[in-house]
Each structure stands twice: as structure tokens, then as C-alpha cells.
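This report refers to the structure that appears directly beneath it.
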Number of protein chains: 2
Amino acid sequence: MARPGRPRAFDTDEALDAAVEVFWRRGFTNAGLTELAAAMGVNKPSVYGAFGDKAQLFQAALRRYVERNMGYVTEALQKPTALECARAFLIGNAHAVTMPGRPAGCLSVQAVATPEGSNEYSVLARNRAAIQERFADRFRRAIDEGDLPPDEDPGELAAFLITLSSGFAVRAADGTTREALLALADRAMATFPAPPSEENNRD
Amino acid sequence: MARPGRPRAFDTDEALDAAVEVFWRRGFTNAGLTELAAAMGVNKPSVYGAFGDKAQLFQAALRRYVERNMGYVTEALQKPTALECARAFLIGNAHAVTMPGRPAGCLSVQAVATPEGSNEYSVLARNRAAIQERFADRFRRAIDEGDLPPDEDPGELAAFLITLSSGFAVRAADGTTREALLALADRAMATFPAPPSEENNRD
DNA sequence: GGCTTTTCTTAACGGGCGGTACAAAAAGAT
DNA sequence: ATCTTTTTGTACCGCCCGTTAAGAAAAGCC
């Protein structure tokens, strides 16, 4: 089982969690390798040994961030109706960007100011686009199921949600409270289109 | 009139415009002084001579950005009704963050990932908060003028607009088109509360 | 003409950045 | 025990960062 060689003296997942925290708080460029290694409780060469260079570490951190702090996205997508789905997403996002004891805002948005055209930037943009696409798919299904009006634009509706969540992330980083964001989520949901007619699926 | 000493060989306003462009495209941390000076068409010591250090240059650039690229805020605030005011702000913002030939997004949001607690960060956050407060004041007046329902929350309404505009900036930086943002602005305006009753001011 | 003042250009400064060479240390393999 | 493999800690690399020292150049002042 155990491979030969000196065993790693630290838990890679715990170290990665620490890296997530630093990138989340400081963004990609501002997070220094010395700072990262210190937060991870590890020497710099060990970081390179376990994760590769800074760019690879960032991508690993982003993946971990998504799976540990963006579970609300998948949960929201599983709600039975489009309306519940959208509401759960906004509420989940408002909570995620205002978690007590964690950095305010969203790792993905916090790192907007990475060098343009860099791999880091496009990874973040693609991440947002992928989530948007999942919601667009969900809303297309909702139209098929008669859960949304057939003339509704599922892509635009998804874009609306992602745009709001990006805004939430910026405002949370500015110090906006969870309660204020939840109130904004409520307000935004007032635009959400009602089903075409009550309990009338057209299958 | 003319002071003694060798005259400055460049136009400080033009140089500042070039600095705005760089900060806008790259954010505070990613914008290097070598890069800034080159874009400004000036040697580094001249930058220090004319603007002070990087932080002061950034603040000067932000001030210029506000007065040259955020005129739509003041214009929107002068609209006769709260509804027109809000709509003009969102449409103006959608245009501003998608100006052809200029960086996508907003300088103020692009620099979110400045070191937390730094002067640069708090200057940006205060800038957003100040704009939000101007809209809150405008909406308070609208309630007095019977232009908004008296039970409406002017601060929350203002926060909603600022949050949307922050989201617009992030999405524009991601490549979202002006048309798509304008559609989102339309959608958001659907939530906007109507006046209490038609053409009925209560003065 | 010199003298003063200001900006110009050139060339560098210390420091922190991302990244690594090296050898000691700790495990399995034989 | 000795060899091989992998991680560890230390100490360092070259580079680019923001910033500045030094002196030449260009204006007004007298």
C-alpha cells in the first residue's frame, strides 16, 4: 500500500483549505507564496512538491472552494420548481458570501483583478459561465415542464441570477450584511416570472 | 505668469487618462509602475514628480475616472422621477462598462482585489457607498414627492441598484455584451415600485 | 551673462516576488 | 545494512517591484 519514500508530514487537504482562505481573502496576485506557505503551515518547497506552481495551486484551491463552498448551487438546481431554484440560489449565495469567520465575498469574484488574459482569469470567467449554463439548462427544462412561460428567455434568466450573485459578492466584500443581501434577494425574486397557469403542465 | 524652472514636457491630464486606462484594465496591484509610466509616455521619476507615489496616482486616476466616466450617475440623479432615475442609472452603467475601445468593466470594481484593509480598497468601497447614499437621498425625496410608495425602503432600493451595477461590471469584464446587460437592466426594472397612485402628488 | 528653480534622463537601490538546488531525513525494498 | 524513493528544511537564485539619487537641461529672474 504505502509507497516508498519519506511520508508527507502534513495533510494536503488541510493545507489546501488554508490556501483557499488566503486566495479568498487576498485574490490571486496579492496572495504571496511566502504568505500562502505560512498559512498552510508548510515550507515553500513542500507547496511546490504537493501542488506545483502558484497557478496550479490556485486552480486546486478554486476546485476545492467550489466543492466546499458552492454546494448551494447544486442544491438549488435540484429544487422542484424554477422559482424555488432561483430563490434557493440567491439565498444560498447571500449566505455563502457572508459566512461568519470566513472572508467576505467570493473567491471567484475577489480575484477579478488577475492579469487580463491570464489563465487564472479565464478559469474564473469560465467557472461563472458554466454555472450560468447549468441554470439556463434548468430553466429550459422548466419551460418544457410548463413551470415557466414558453416565451421566457432561459439564458437571460440565468444571466440575471449570476449577475446578481456577482454583485452580492462585491457588496459583501464591501461590508454589506447578510440580512441586507437577503432583502435584495427577495426584491430581485419579485421579478421572477410566474408559471403560465396554475398547476397546468402541458404534457 | 509662468513659474520659473523647466516646463513640464507632457500634459498631466493626458498622462492621467493613460493611467486610468491601465488601472482600469489591470487593477491596482497588477498595474506596474513601469507599465504605467510607459502608457503615460513619461519616465518614472516624472510620474513621481507630477502625482506622488503609486497610491496617490491611483486616487487621482479614480477621481478622474469618476468625473470622466461616471457622469451618468449625476445625470441619472437629475431625472424627474425615481423610476426614470433608476432606469437611467442602470442603462448608463451598462453603457459605461461596455464602452467600445475601452476596458470592459469598471475601474472601481476591477480593483476589488487590492490588499484588504489598504487605503486603495477602502477608497473604492467608500466611493460605492457614497453613490449609493446619493440614490438613497434621491429616493427619500421621491417618497416625499409622492413619487414612490411611502412604505418603500429608499436605502434598500439604492442598494439594489448599486449591487446590480457591481454585477454588471463583473459580467462585462467576463465578456457579457452591452445588449445582454441592457436586457438585464430591463428585467431588473420590472421590480421597481410604481408610484402610489397615478399622477397624484400629495403636496 | 550667471543664479535659481523645476523638470528632465539615466541609472541604480533595497526588497519581496515566484521558484529552486542541495543535502539531510524518513520511509519501503532487497 | 544498503539502496532507492520521496519529503523535508535551509538557503539561495534571478527578476521585477516601487522608489529615489544625481546630474544635465530648460525655463524665469537679476
Side-chain angles (χ1 to χ4, degrees), chain A residues 1-16 18-20 22-23 25-62 111 113-121 123, chain B residues 1-16 18-20 22-23 25-62 111 113-121 123:
Chain A
M1 275 299 109
R3 297 167 323 172
R6 179 168 174 170
R8 188 161 280 145
F10 62 97
D11 183 298
T12 53
D13 281 342
E14 282 178 18
L16 192 50
V20 166
V22 174
F23 279 127
R25 203 158 18 86
R26 306 255 294 148
F28 177 77
T29 307
N30 289 117
L33 227 64
T34 306
E35 181 186 10
L36 283 161
M40 296 164 84
V42 150
N43 293 107
K44 278 193 283 185
S46 297
V47 175
Y48 282 84
F51 300 101
D53 64 15
K54 189 185 181 186
Q56 291 175 273
L57 174 61
F58 180 72
Q59 290 193 224
L62 178 62
T114 54
E116 61 158 6
S118 69
N119 278 336
E120 289 69 44
Y121 191 89
V123 163
Chain B
M1 274 299 109
R3 298 167 321 173
R6 180 171 175 170
R8 188 162 279 145
F10 62 96
D11 183 298
T12 53
D13 281 342
E14 282 178 19
L16 191 51
V20 166
V22 174
F23 280 128
R25 204 158 19 86
R26 307 257 292 149
F28 178 77
T29 307
N30 288 117
L33 229 71
T34 306
E35 181 185 11
L36 283 161
M40 296 163 85
V42 150
N43 293 107
K44 281 192 282 184
S46 296
V47 176
Y48 281 83
F51 300 101
D53 63 15
K54 189 185 181 185
Q56 290 174 273
L57 174 61
F58 180 73
Q59 289 192 223
L62 179 61
T114 53
E116 61 157 6
S118 70
N119 279 335
E120 288 69 44
Y121 189 91
V123 163

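Residue numbers begin at 1 in each chain, while the letters A, B, ... track the order of the sequences.
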At their closest point, which heavy atom of [X] faces which heavy atom of [Y], and how far apart are they?
| X | Y | answer |
| --- | --- | --- |
| B/D11 | B/E14 | OD1-N, 2.9 Å |
| A/A61 | A/V20 | O-CG2, 3.4 Å |
| B/R26 | B/A31 | CB-N, 4.1 Å |

Relative to the 5' end of DNA chain C, which residue comes earlier, A/R6 or A/T34, by the nucleotide with the nearest heavy atom?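 The residue closer to the strand's 5' end, by nearest nucleotide, is A/T34.
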At under 4.0 Å between heavy atoms, what does B/A31 touch on the DNA or RNA strands: base, sugar-phosphate, or nothing?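 Touches sugar-phosphate only.
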Applying a 4.0 Å non-hydrogen cut-off, can you work out what A/G32 is touching in the nucleic acid: base, sugar-phosphate, or nothing?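 Answer is sugar-phosphate: A/G32 comes under 4.0 Å of backbone atoms only.
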Under 6.0 Å from the ring centre and within 45 degrees of the ring axis: does the NZ or CZ of B/K54 meet both conditions for the six-membered ring of B/F28?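 Output yes; distance and angle both within limits.
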Any A/S46 side-chain N or O less than 4.0 Å from OP1/OP2 of D/dT7: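 Answer no for this pair, as no side-chain N or O of A/S46 is under 4.0 Å from OP1 or OP2.
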Within less than 4.0 Å of OP1 or OP2 of D/dG9, is there a side-chain N or O belonging to A/N43?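 Result: yes.
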hbond_proxy B/K54 side chain to D/dT19 base (donor-acceptor, 3.5 Å cutoff):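 Answer is no: no donor-acceptor pair is held.
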I'd like to know if the side chain of B/Q56 reaches the main chain of B/D53, judged simply by a donor and an acceptor atom lying under 3.5 Å from each other, with no hydrogens or angles considered.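 Answer holds: yes.
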Earlier contact from the 5' end, DNA chain D, for A/P4 and B/A55: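 It is A/P4 whose nearest nucleotide is closer to the 5' end.
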Can you check the [X] [atom1] to [N] [atom2] distance for me, whole Å?
| X | N | atom1 | atom2 | answer |
| --- | --- | --- | --- | --- |
| B/F51 | C/dT7 | CZ | P | 12 Å |
| B/F10 | C/dT7 | CZ | P | 9 Å |
| B/M40 | C/dC8 | CE | C1' | 15 Å |
| B/R26 | D/dC17 | CZ | C1' | 13 Å |
| A/L36 | C/dG16 | CG | P | 17 Å |
| A/L33 | C/dG19 | CG | C1' | 8 Å |
| A/N30 | D/dG18 | CG | P | 12 Å |
| B/Y48 | C/dT10 | OH | C1' | 16 Å |

Considering only side-chain heavy atoms of B/P45, which listed nucleotide, D/dA26, D/dA21, D/dT7, is closest?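 That would be D/dA21.
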Nucleotide of D/dG28, C/dT6, D/dT20 approaching B/R3 most closely (side-chain heavy atoms):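 Output: C/dT6.
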